[in-house]
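Numbering starts at 1 and runs along the sequence shown. Every number for a ligand or one of its atoms is a count from 1 in the order of the listing.
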Amino acid sequence: MAELKNRQWLLAARPSGMIKESDFRWNETTVPALKDGQVLVRNLAFSFDPTQRGWMSMDTYMPAIPVGEVMKAGTIGQVVESKRPGFAKGDLVQGLFGWEDYTVNGGEGLMGLQKLPPGTDPILALSLFGTTGLTAYFGTLAVGNVKEGETFVVSGAAGATGSVSGMIAKIKGCRVIGIAGGREKCEWLTKVAGFDAAIDYKNEKVGEALTRHCPNGIDVYFDNVGGEILDDALARLAHGARVVLCGAISQYNDFGSKAPTGPKNYFNLIMRGARMEGFLVFHFLQRYPEAITDMLKWYSQGKLKNQIDLQHGLENAPQTIIRLFTGANFGKQLLKLADPQ
Ligand SMILES: NC(=O)c1ccc[n+]([C@@H]2O[C@H](COP(=O)([O-])OP(=O)(O)OC[C@H]3O[C@@H](n4cnc5c(N)ncnc54)[C@H](OP(=O)(O)O)[C@@H]3O)[C@@H](O)[C@H]2O)c1
């Protein structure tokens with residue numbers, strides 16, 4: 001095969017505070033020759049996830065990305081050449097590839113190399129049926145163990161994970177209150193996503209609003225943001241409440257510089273016989289098929305909406321990741337490079 005040009009974004013520096021475009025460096029190179037066991041993938045779409053801020057700073061559930069290497073992302077691509085048994089030109093694949101036009105992969109990395117069914121829509125597979133949709137499913141049902149009639153509160157509610165968790169709690173018969181930033185997102189929650197109420201944390205006192213909307217306390221709190229909002233929720237738990245620790249985006253820009261702010265109101269877990277439990281979606285890997293079956297059914301019944309924020313072009317990757325931390329994204333943040341061929 002003729003030498004292929006590859007454009008990529010390298011990690012230029014460990015971020016300090018908010019991610020900056022200068023934390024990345026543009027690089028142009030050529031694709032190396034394939035070795036036995038490897039495939040050459042043309043990348044079609046990237047997922048953008050708050051956890052990438054951790055990968056840029058420190059060892060987490062995987063080693064930190066070395067400075068000078070390609071920035072990693074959950075990716076769907078198409079095989080253009082294969083020296084790996086079971087993979088052929090044209091196959092759609094998913095893995096933890098990188099911000100580049102082409103990736104050479106031999107099945108390494110957290111997600112390995114997964115073949116997708118022919119005709120899979122890369123955008124749907126990276127959103128509702130991707131990591132964030134699955135996180136919402138297991139966080140709400142397996143960790144939160146929601147029951148009909150319960151009061152369910154979720155933060156980051158208009159985001160990829162939060163919106164789906166609220167919709168699943170609604171399907172299970174809960175009263176659902178979402179906390180999100182700005183009037184437009186809050187209106188979407190109540191008018192489109194079917195939430196019972198929304199709290200605009202940028203313009204309202206969250207604690208007072210929770211007291212008003214949850215007169216009998218919170219049965220399940222699905223936390224995506226940590227910090228003060230987590231404390232506001234802890235102060236209003238019902239007896240036997242479950243607090244689902246999914247993420248803490250309000251703390252991520254401190255990664256690598258200072259320790260996160262811990263919860264002040266955790267004593268309420270004792271008073272209310274409540275529990276707080278963290279999880280990673282990968283802990284439920286064996287149960288993904290069950291989740292996809294349920295979610296496909298709900299999606300086809302119109303009970304799950306898939307709100308996508310689609311950006312375009314490899315050159316825009318650094319600006320796109322920053323959107324997650326300013327709240328500019330509305331729904332699942334993706335970036336599209338190309339259509340499958
Ligand atoms: N445990 C797991 O396995 C797992 C897997 C996937 C995701 N997660 C976690 O789930 C959470 C949501 O991730 P996502 O991919 O679905 O992203 P997302 O919610 O679609 O996007 C991030 C949102 O966070 C909000 N935000 C940003 N800075 C904030 C701050 N300082 N305080 C409060 N809200 C802030 C913004 O919404 P507003 O406009 O409302 O501020 C932004 O739109 C993250 O904490 C992530 O780490 C966990």
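- The closest side-chain donor-acceptor pair between Asn43 and Thr103 falls under 3.5 angstrom.
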Inset, instruction - Show your reasoning for whether side chain to side chain donor-acceptor pair (under 3.5 Å) applies to Gln301 and Lys303. - result: CA-CA 6 Å; Gln301 292 170 339; Lys303 293 178 178 167; 3.3 Å; yes

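- At distances below 3.5 Å, not a single donor-acceptor pair connects side-chain atoms of Asp196 with backbone N or O atoms of Arg175.
- Taking a heavy-atom cut-off of under 4.0 Å, ligand 1 is surrounded by Pro50, Thr132, Thr135, Gly159, Ala160, Thr161, Ala180, Gly181, Lys185, Tyr201, Asn224, Val225, Cys246, Gly247, Ala248, Ile249, Ser250, Tyr252, Phe279, Leu280, Val281, Leu324, Phe325, Gly327, Asn329, Gly331.
- Checked against Ser47 for a side-chain hydrogen bond (donor to acceptor under 3.5 Å, both in side chains), the options Gln333, Gln52, Lys332 give a single hit: Lys332.
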Inset, instruction - Check the pair Asn27, Thr29 against side chain to side chain donor-acceptor pair (under 3.5 Å), reporting the backbone distance first and the verdict last. - result: CA-CA 7 Å; Asn27 187 45; Thr29 181; 5.0 Å; no

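- Residue pairs meeting the salt bridge (Lys or Arg N to Asp or Glu O under 4.0 Å) criterion with at least one partner in residues 242-271, sequence neighbours excluded, are Glu150-Arg242, Asp231-Lys264.
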